[in-house]
Amino acid sequence: MNQQIGQIALVVKDYDEAIEFYTQKLNFEVVEDTVLTETKRWVVIAPKGSDGCRLLLAKAATDEQISRIGNQTGGRVFLFLYTDDFRKDFENMQRVGIIFVRGPVQEPFGTVAVFQDLYGNLWDFIQRNKP
């Protein structure tokens with residue numbers, strides 16, 4: 001049996017502001033944007049050229065969901081973005097206003113820094129060491 005995680009739901013306040021952040025600041029692309037109802041869309045984004053896990057932007061619809069925006073993991077790093085050119089991408093991310101809250105530091109597995117997205121979710125930004 002061959003299984004993989006295809007998507008992770010990311011609770012957002014607004015589809016369009018989230019799309020703008022991820023496409024303009026992190027250089028992701030919209031894989032799918034389908035209107036389901038007057039208030040619900042199926043919006044999938046991913047880093048350009050990625051064939052791995054994608055993010056499903058899930059607009060908060062209840063007070064409980066709204067309370068989770070930006071803190072889906074209780075303040076822990078939530079998502080992990082890998083790169084093959086840390087220095088270049090790190091500088092580009094800083095230039096467009098991405099807020100880094102830690103790093104960069106060298107760890108046994110590679111170089112890592114922590115940034116926050118537009119809602120405050122924490123991401124590890126990583127370039128893994130070559131084997």
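All values below come from the heavy atoms of this structure, side chains included, with hydrogens, waters and symmetry mates left out.
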Visitor: Taking ring-ring contact (aromatic ring centres under 6.0 Å, His included) as the definition, give me every residue that meets it alongside Phe86, ordered by chain and number, with sequence neighbours left out.
Guide: Phe90, Phe125
Visitor: Transitive ILVMFWY cluster of Val101 at side-chain heavy atoms under 4.5 Å: who else is in it?
Guide: Val77, Phe80, Tyr82, Ile99, Val105, Phe109, Val112, Val114, Leu122, Ile126
Visitor: Not counting sequence neighbours, which residues clear side-chain contact (heavy atoms from CB on, under 4.5 Å) with Leu26? List them please.
Guide: Phe21, Tyr22, Phe28, Met93, Ile98, Phe115
Visitor: If two hydrophobic side chains count as joined below 4.5 Å and joins carry through other members, does Ile8 share a cluster with Val31?
Guide: no
Visitor: What pairs with Thr34 under side-chain contact (heavy atoms from CB on, under 4.5 Å), at least two apart in sequence or on another chain?
Guide: Glu32, Leu36, Trp42
Visitor: I'd like to check Leu81 versus Pro47 (side-chain heavy atoms, cut-off strictly below 4.5 Å). Are they in contact?
Guide: yes
Visitor: I'd like to know if the side chain of Gln116 and the backbone of Phe100 have a donor-acceptor N/O pair within less than 3.5 Å.
Guide: no
Visitor: Can you list the residues that meet the side-chain contact (heavy atoms from CB on, under 4.5 Å) rule with Gln106, with sequence neighbours excluded?
Guide: Thr111, Asn129
Visitor: Report the residues that fulfil side chain to side chain donor-acceptor pair (under 3.5 Å) with Asp14, sequence neighbours left out, ordered by chain and then residue number.
Guide: none
Visitor: With sequence neighbours left out, what residues match Thr73 under side-chain contact (heavy atoms from CB on, under 4.5 Å)?
Guide: Arg76, Phe78
Visitor: Identify, with sequence neighbours excluded, every residue that meets side chain to side chain donor-acceptor pair (under 3.5 Å) alongside Asn121.
Guide: Asp117
Visitor: Measure the spacing between CD of Gln24 and CD1 of Ile19 and express it to the nearest 0.5 Å.
Guide: 11.0 Å
Visitor: Taking all non-hydrogen atoms of both residues into account, name the closest pair between Leu118 and Glu17 and its distance.
Guide: CD1-O, 3.8 Å
Visitor: Using a strict cut-off of less than 4.0 Å between a Lys/Arg side-chain nitrogen and an Asp/Glu carboxylate oxygen, indicate whether Arg95 and Glu91 qualify as a salt bridge.
Guide: no
Visitor: Heavy atoms only: give me the nearest Lys13-Tyr119 pair and the separation to one decimal.
Guide: N-OH, 3.2 Å
Visitor: Yes or no on salt bridge (Lys or Arg N to Asp or Glu O under 4.0 Å) for Asp84 and Lys130, after CA distance, side-chain angles and deciding distance?
Guide: CA-CA 10 Å; Asp84 63 356; Lys130 294 183 181 178; over 6 Å; no
Visitor: If you define the side chain from C-beta out and look only at heavy atoms, does anything of Leu10 sit under 4.5 Å from Val12?
Guide: yes
Visitor: Got a sec, which residues hit salt bridge (charged side-chain N to carboxylate O under 4.0 Å, His left out) with Arg102, two or more places apart in sequence or on another chain?
Guide: none
Visitor: How far does CZ of Arg87 sit from CG of Asn92, to the nearest 0.5 angstrom?
Guide: 12.5 Å
Visitor: Any side-chain heavy-atom pair from Ile45 and Glu29 closer than 4.5 angstrom?
Guide: no
Visitor: Considering residues at least two apart in sequence or located in another chain, which fulfil the side chain to side chain donor-acceptor pair (under 3.5 Å) criterion with Glu20?
Guide: none
Visitor: Residues two or more places apart in sequence or in another chain: which of them pass ring-ring contact (aromatic ring centres under 6.0 Å, His included) with Tyr15?
Guide: none
Visitor: What donor-acceptor contacts under 3.5 angstrom involve side-chain atoms of residues 49-63, with partners at least two apart or in another chain?
Guide:
residue	atom	partner	partner atom	Å
Ser50	OG	Gly52	N	3.1
Thr62	OG1	Gln65	N	3.1

